[in-house]
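Have a look at the structure below before the remarks.
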Number of protein chains: 2
Amino acid sequence: MKIGHLAKSVGIDIQTVRYYESQGLLTEPNRMENGYRDFPVDSIKRLQFIKKAKLVGFTLKEIKELLAIQVTKDKHTCQEVKNFTQIKLDEINQKIKKLTEIESALKKIHSLCCGGSEKASHCSILQALES
Amino acid sequence: MKIGHLAKSVGIDIQTVRYYESQGLLTEPNRMENGYRDFPVDSIKRLQFIKKAKLVGFTLKEIKELLAIQVTKDKHTCQEVKNFTQIKLDEINQKIKKLTEIESALKKIHSLCCGGSEKASHCSILQALES
DNA sequence: ATTGACCCTATAGTATACTTTAGGGTTTAT
DNA sequence: ATAAACCCTAAAGTATACTATAGGGTCAAT
C-alpha cells in the first residue's frame with residue numbers, strides 16, 4: 001500500500017505519515033523496486049490508533065509506548081506489561097473523570113442557561129462546575 | 001493573592017501563570033502598590049479548569065473559548081451559547097468514546113496477557129482493540 | 001513523449017505551549 | 001542591613017508536532 005493511499009484512508013497528511021515513521025511510531029515499511037514505501041495493511045489501524053490517542057491528549061511519545069506493549073522473551077515481561085498497563089489505565093480513568101466533569105458543566109449550561117425563566121446564573125463554565 | 005501562592009496552590013509554574021495571562025486565559029489581575037499582581041481567589045478554579053481541560057487534549061485556544069461562555073446582552077446570545085456548548089458536548093463524547101476504546105483494549109491486555117495459560121494473543125494494543 | 005499525479009530525501013519554517021535568561025526592584029526574617 | 005525569597009518585564013530559547021519548500025525521480029494515460 002502506497003503512502004498516498006494510506007494517508008487518505010486514515011485522513012491524515014502524507015508528510016505526517018513520514019513524520020510518524022521517522023519518530024518510530026510506524027515500523028519501517030518495505031520498499032518497492034522504485035523506492036516507494038510499501039505499507040502493510042495494518043498500518044491503517046496503527047494510524048487510526050495514533051489519531052485516536054492524540055485526540056485525547058496523549059503525546060506521540062506516550063502513543064509510541066502504548067503501541068510498543070508486548071510480552072516477548074527479550075523485551076517485556078508479563079509483570080512489566082501489567083505494571084505499565086495499570087499506570088495507563090489509571091491515567092485514562094483520570095481523563096475520563098475530567099471529561100465527565102467538563103461534560104456535566106456544559107450540560108448544565110446547555111440546559112439551564114437559556115430556559116427563559118432561569119436566571120443566567122450557570123452561564124459560565126466555572127460556575128457550572130461548582131454547582 | 002500573589003502569583004507564587006496561586007501557582008503553588010494549583011501546582012503549576014509562576015511563568016506559566018503569566019503566560020496564560022498574556023494569552024488571555026486569565027483576566028488581568030489587579031496590581032498592588034508595588035506592581036505585584038493581586039489575583040482574585042477564583043483564579044485558582046480557573047487554573048484548575050485549564051489544567052483539567054489541557055489534560056484531555058483541549059488547546060489553550062479552545063479552553064479560552066470554554067472559559068468565555070456566557071450569556072450577555074452585548075456578547076453571546078442564548079442560541080449562540082447553546083450551539084457552542086452542543087458542539088463541545090459532541091467533542092467531549094467523542095473523546096470519552098475514544099478513551100473507553102483504549103481503556104478496554106488495555107484492560108484486555110492487563111487481564112488476559114499474563115494469565116499463564118492464555119496465549120499472548122492480545123498483547124499488543126492493536127490486537128486488543130480488534131477483539 | 002509529455003503532462004499530471006504520484007513518489008523520494010533533506011532541510012527549513014511554523015504553531016503551540018511553555019521555559020529560561022537577563023537585569024532589576026521588593027519584602028521578610030535575622 | 002543584608003541575605004533569601006519573592007516580585008517585575010522583555011526577550012530569547014526549547015520541545016513537540018507538524019507543514020512547507022526545493023529539487024528531483026516514477027508512473028499512467030493521452
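Note on naming: letters A, B, ... go to the chains in the order of the sequence lines (proteins, then strands), and numbering restarts at 1 for each one.
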In whole angstrom, what separates [X]'s [atom1] from [N]'s [atom2]?
X: B:K54; N: C:dT16; atom1: NZ; atom2: P; answer: 13 Å
X: A:E33; N: C:dC8; atom1: CD; atom2: C1'; answer: 16 Å
X: A:E21; N: C:dC7; atom1: CD; atom2: C1'; answer: 13 Å
X: B:Y36; N: D:dC6; atom1: OH; atom2: P; answer: 11 Å
X: A:Q23; N: D:dT16; atom1: CD; atom2: C1'; answer: 9 Å
X: B:I63; N: C:dA17; atom1: CD1; atom2: C1'; answer: 11 Å
X: A:E28; N: C:dC8; atom1: CD; atom2: P; answer: 12 Å
X: A:E62; N: D:dT16; atom1: CD; atom2: C1'; answer: 12 Å

Closer than 3.5 angstrom, by distance alone: can the side chain of [X] be matched with the main-chain N or O of [Y] as a donor-acceptor pair?
X: A:N30; Y: A:D38; answer: no
X: A:K2; Y: A:Y36; answer: no
X: A:T16; Y: A:I12; answer: no

Distance test, side-chain N/O of [X] to OP1/OP2 of [N], below 4.0 Å:
X: A:K2; N: D:dT26; answer: no
X: B:R37; N: C:dT26; answer: no
X: A:K61; N: D:dA15; answer: no
X: B:N34; N: C:dT27; answer: yes
X: B:R31; N: C:dT26; answer: no

_Stepwise side chain to side chain contact (heavy atoms under 4.5 Å, CB included) test for A:L89 and B:E103_ = CA-CA 6 Å; A:L89 279 168; B:E103 185 192 26; 3.7 Å; yes
*Apply side chain to side chain contact (heavy atoms under 4.5 Å, CB included) to B:K108 and B:Q127, showing your working.*
CA-CA 10 Å; B:K108 251 174 222 156; B:Q127 288 165 333; over 6 Å; no
_Under 4.0 Å, heavy atom to any atom of DNA chain D: which of residues 3-20 of chain A qualify?_
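Going residue by residue through residues 3-20 of chain A, the ones with a heavy atom under 4.0 Å of DNA chain D turn out to be A:Q15, A:T16, A:Y19, A:Y20.
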*Working for side-chain hydrogen bond (donor to acceptor under 3.5 Å, both in side chains), residues B:Q79 and B:N83*: CA-CA 6 Å; B:Q79 201 50 55; B:N83 292 345; 3.1 Å; yes
*Looking at A:F58, is A:K52 sitting on its ring face, NZ or CZ under 6.0 Å from the six-membered ring centre and within 45 degrees of the normal?*
no
*asked:* Nearest to the A:T59 side chain among D:dC6, D:dA17, C:dC6, which nucleotide is it?
replied: D:dA17
